[in-house]
Amino acid sequence: MTSTQISQPQAKLWMAAIKPPMYSVAIMPIWVGSAVAFKEIKIFNITIFSLFMAAAILILAWENISNDVFDAETGIDKNKHHSLVNLTGNKTLMFWIGNLCLGLGLLGIIAIAFLQKDPTVIGIILLCCGLGYMYQGPPFRLGYQGLGEILCFFAFGPLGMGAVYYSQTQSWSITNLAASVILGIVTSLVLFCSHFHQVEDDITAGKKSPIVRLGTQTGAKVLVGFTASIYPLILVFVILHIFPLWTLLSFLSLPFAVKLCRHVWENHNLPDKVSNSKFIAVNVHFFSCLFLGLGFILG
């Protein structure tokens, strides 16, 4: 009985630390960027797609692990029981596991560049990794200045999807750029939601997250505004014939968006209740991007 009581919480803590649902953040830029490329050139390279998918997951793993390592240095995660550093008690080990994930991920990107005989994708992804490092890594720690969402927007939006599209086409696209704006917004929403429940810890550690700067109530209003902006933007791009009509399938994610806005609006100042908002935001991200990509393929 005792071992069961101990193992179940430990298993839950490890799942919370690994955060499997969050890896849709890595997967969806590959899906949507490749879907846009398929719509425009009617070619889909499964090898490059698979390499990019694996590389993106590994690089995001590095990002998540290194964030726990760097947060351990500032003490901001002292009350975060599902921190990988707190669970293992070995910051150095986690640091090198993170670097291993990064190295393997970059090997996948190098393989794509080798197949293309073009180093462009390597340069873009290295820039994305640089933004990822500056988010939490010393001496930058730009996330502590409230700039994480901006870095996230560019790394997963225009830059990340630009690299994906280029890996399939070796060219650039206004349509892909427009789609990357949508993806950048919904990805940044996930990060934005992660701040609501840890305001006190952030203030103690000197982290000026957007929610620390704005307050939870104003932050909830900002969240509603940005979440609501996704769907009119898609409609405008359809009206301008930048997106095919089928991309309106992304409106099927509206119930998740409404749920997210309502949940945060009602619980923005209740850490225990609002802490799961980032997972609702992951649902908004996953389904809006899933149907957006499907719309490009059907279009």
Side-chain angles (χ1 to χ4, degrees), residues 5-25 28 60 63-64 67-68 71-72 74-87 135-136 143-144 146-149 152-153 156 185-231 252-290:
Q5 289 173 339
I6 293 173
S7 64
Q8 284 182 346
Q10 279 292 107
K12 289 180 180 179
L13 286 174
W14 276 103
M15 288 300 289
I18 297 169
K19 301 185 281 284
M22 304 295 271
Y23 283 85
S24 70
V25 169
M28 284 300 143
L60 185 61
E63 177 92 10
N64 290 335
N67 282 350
D68 279 359
D71 279 343
T74 66
I76 198 171
D77 277 355
K78 64 181 180 180
N79 296 318
K80 184 179 176 182
H81 301 298
H82 59 277
S83 161
L84 287 167
V85 173
N86 291 341
L87 281 170
Y135 170 59
Q136 294 286 63
Y144 280 67
L147 300 175
E149 282 70 15
C152 181
F153 173 85
F156 290 93
I185 293 172
V186 292
T187 306
S188 296
L189 286 177
V190 177
L191 179 59
F192 191 81
C193 285
S194 70
H195 302 305
F196 280 96
H197 69 288
Q198 54 189 31
V199 173
E200 290 186 11
D201 286 344
D202 286 351
I203 292 173
T204 301
K207 183 176 182 179
K208 300 175 182 177
S209 73
I211 305 306
V212 169
R213 290 180 179 274
L214 297 170
T216 59
Q217 186 171 25
T218 302
K221 292 178 182 177
V222 171
L223 174 73
V224 171
F226 274 104
T227 305
S229 73
I230 298 165
Y231 302 95
L252 291 173
S253 66
L254 259 172
F256 296 103
V258 171
K259 180 181 179 180
L260 173 65
C261 294
R262 180 178 295 143
H263 180 71
V264 173
W265 183 252
E266 292 175 353
N267 303 292
H268 60 85
N269 60 339
L270 303 173
D272 290 340
K273 290 187 176 181
V274 79
S275 62
N276 68 330
S277 61
K278 63 183 176 183
F279 295 108
I280 304 174
V282 167
N283 285 334
V284 178
H285 178 277
F286 178 80
F287 286 105
S288 62
C289 294
L290 175 69

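Any value given below was found using the heavy atoms of this structure, including those in side chains, with hydrogens, waters and symmetry copies removed.
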### Smallest separation among heavy atoms of Q136 and D71, with atom names
NE2-OD1, 2.9 Å
### Query
Taking side chain as C-beta onward, heavy atoms only, is N269 less than 4.5 Å from F196?
no
#### Entry: Sub-4.5 Å side-chain heavy-atom contact between V212 and H195
no
### Counterpart residues, side-chain hydrogen bond (donor to acceptor under 3.5 Å, both in side chains), relative to Y231 (two or more places apart)
S253
### Which atom of V274 lies closest to which atom of H263, heavy atoms considered
CA-NE2, 3.9 Å
### Query
How many angstroms lie between atom CG of L260 and atom CG of L189, to the nearest 0.5 angstrom?
7.0 Å
## Note on the structure
Distance col, row E63:CD vs D68:CG, nearest 0.5 angstrom, shows 11.0 Å
### Task
Calculate, to the nearest 0.5 Å, the distance between atoms CG and OG belonging to L147 and S209 respectively.
11.5 Å
### Query
Nearest heavy-atom pair of P271 and H197: which atoms, and what distance?
O-CB, 3.4 Å
### Query
Of all heavy-atom pairs between Q217 and W265, which one has the smallest distance, and what is that distance?
O-CZ3, 4.0 Å
### Summary
Applying side-chain hydrogen bond (donor to acceptor under 3.5 Å, both in side chains) to S188 and not counting sequence neighbours gives none
### Query
Is I185 close to S229 at the side-chain level, that is, under 4.5 Å between some pair of heavy atoms?
yes
### Query
Does atom CZ of R213 have more than 12 heavy-atom neighbours, drawn from other residues, nucleotides or ligands, at distances under 6.0 Å?
yes
### Shortest non-hydrogen contact between L223 and C193, atoms and distance
CD1-SG, 3.7 Å
### Message
Any side-chain to backbone donor/acceptor pair from N283 onto F256? Under 3.5 Å, distance only.
### Response
no
### Task
Rounded to the nearest 0.5 Å, what's the gap from NE2 on H285 to CE on M22? Could you check?
9.5 Å
### Message
Do I211 and F192 make a side-chain contact, defined as non-hydrogen atoms from C-beta onward lying under 4.5 Å apart?
### Response
yes
### Message
Under the rule for side-chain hydrogen bond (donor to acceptor under 3.5 Å, both in side chains), what residues qualify as partners of T216, not counting sequence neighbours?
### Response
H268
### Query
Which atom pair, heavy atoms only, marks the closest approach of S24 to V282?
OG-CG1, 3.6 Å
### Query
Does a side-chain heavy-atom distance below 4.5 Å link L191 with F156?
no
